[in-house]
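This report refers to the structure that appears directly beneath it.
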Amino acid sequence: MPELPEVETARAAIERSALGRRIADVDDTDTFVCRPHSAGEIRSALVGLTLTEAHRRGKTLWCTTDGDAVLGLHLGMSGRIVVDPPAASGGSTDEGGDYWGDAPARPGAAAWFRFTLLFEDGGALRLHDKRRLGRVRLDPDLDALGPDAAEIDRDTFRSRVGRGRTPVKARLLDQSVLAGVGNLLADETLWRARLDPRRTVDTLDADDLDLLRRELRAATRRAIRQGGVHTGEVIEHRRAGGHCPRCGAEMMRGTVGGRTTWWCSVEQV
DNA sequence: ACACGTGTTATGCG
DNA sequence: TCGCATAACACGTG
């Protein structure tokens, strides 16, 4: 699920609901998700502190604290952030009560909690992740990430995306070029821009690149507002027998940049 | 039973 | 060394 829009929603939920609550305990025992830390390492660093700010670049999320620790969170392929309110206000994870974050509000979810910050007020912040491809770590390294896809300016976009001769979709998915675009957002953006995902970037002129950036920003803002990348206009048509919602032509399927890719057989050239 | 997948990273090739 | 494609990771879902 999570691409830039979902991660931004999670960041906003943390900012709104989790900051300023003192951490009483931490469950970091899933060392696959919390690697490369050993069990207890993150706990030792965080107990007694409070989260002070929630930041995001691309799909990487991190929280500063009122101490030295910085808590990095990555949702991977299936991660979600769940923020439970203070115990006194009712609603708990076990009862499927009120959720402040983006979460499956149902019993049994506890089996998929891979990391938990337990607050002194009885509430919690949790990483719910069925596939365990999410990551939690202290002091996350952001150096390998390009500029955020929602923030990148026009000239930077032109030079970073337009360099080389890789297929344009592969370039959009490269987190070191720009951070935040995943498989669905790439397909939605290229469909909006009417560009064939297999086009190599050296065939794109400045106007093409400007259009691509414009549609990327529009698709991203729309996804945040509507509740996720899956709400994109072309997404439900990414299936066998699907048709372009603009022109009605058959949708094509292929592999580009190592990922399943769908595009309009007529409009995307 | 079997293939697939909204992400990242190690590995191998040219 | 650079850039790109592929496999592997874990595990639920169709």
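Throughout, a chain's letter reflects where its sequence line sits, starting with A, and its residues are numbered from 1. Everything quoted here is computed from the prediction, not taken from an experiment.
Other residues, nucleotides and ligands contribute only 12 or fewer heavy atoms inside 6.0 Å of the CG atom of A:Asp68. Counting heavy atoms of neighbouring residues, nucleotides and ligands inside a 6.0 Å radius, atom CD of A:Glu250 does not exceed 12 of them.
An OP1 or OP2 oxygen of C:dC11 is reached within less than 4.0 angstrom by no side-chain nitrogen or oxygen of A:Trp112. Phosphate contact (OP1/OP2 of B:dT8, side-chain N/O of A:His74, threshold under 4.0 Å): present. Checking the phosphate oxygens (OP1, OP2) of C:dA10, no side-chain nitrogen or oxygen of A:Lys130 falls inside 4.0 Å. Remark: A:Arg135 is not in phosphate contact with B:dG7, judged by side-chain N or O atoms under 4.0 Å from OP1 or OP2. Close to B:dG5, at under 4.0 Å from its OP1 or OP2, lies a side-chain N or O of A:Thr260.
As a whole-Å value, the separation of A:Arg132 CZ from C:dA8 C1' is 15 Å. Going from atom CZ of A:Arg253 over to atom P of B:dA3 covers 14 Å, rounded to whole Å. A straight line from CZ of A:Arg239 to P of B:dG5 spans 15 Å, rounded to a whole angstrom. Atom CG of A:Asp202 is separated from atom P of C:dG3 by 14 Å (rounded to the nearest Å).
With the 3.5 Å cutoff on both pairing distances, Watson-Crick and G-U pairs in DNA chain C assemble into runs of at least 3 at B:2-5 with C:11-14, B:7-14 with C:2-9.
In this structure, A:Arg56 pairs ionically with A:Asp148, as a charged nitrogen and a carboxylate oxygen lie closer than 4.0 Å.
For A:Arg259, whose side chain is taken as the heavy atoms from C-beta onward, the closest listed nucleotide among C:dC9, B:dG5, C:dC11 is B:dG5.
With hydrogens and angles ignored, a donor-acceptor pair under 3.5 angstrom links the side chain of A:Arg131 to the base of B:dG5.
Under the salt bridge (charged side-chain N to carboxylate O under 4.0 Å, His left out) test applied with A:Asp208, the options A:Arg214, A:Arg213, A:Arg199, A:Arg194 reduce to a single match, A:Arg199.
Separation of the P atoms belonging to C:dA10 and B:dT11 is 15 Å when rounded to the nearest angstrom.
A donor-acceptor pair under 3.5 Å is formed between the side chain of A:Gln175 and the backbone N or O of A:Gly180. A:Arg246 places a side-chain N or O within 3.5 Å of a backbone atom of A:Trp191 that can act as its donor or acceptor partner. Although no hydrogens or angles enter the test, the distance criterion places no donor-acceptor pair under 3.5 Å between the side chain of A:Thr29 and the main chain of A:Ala39.
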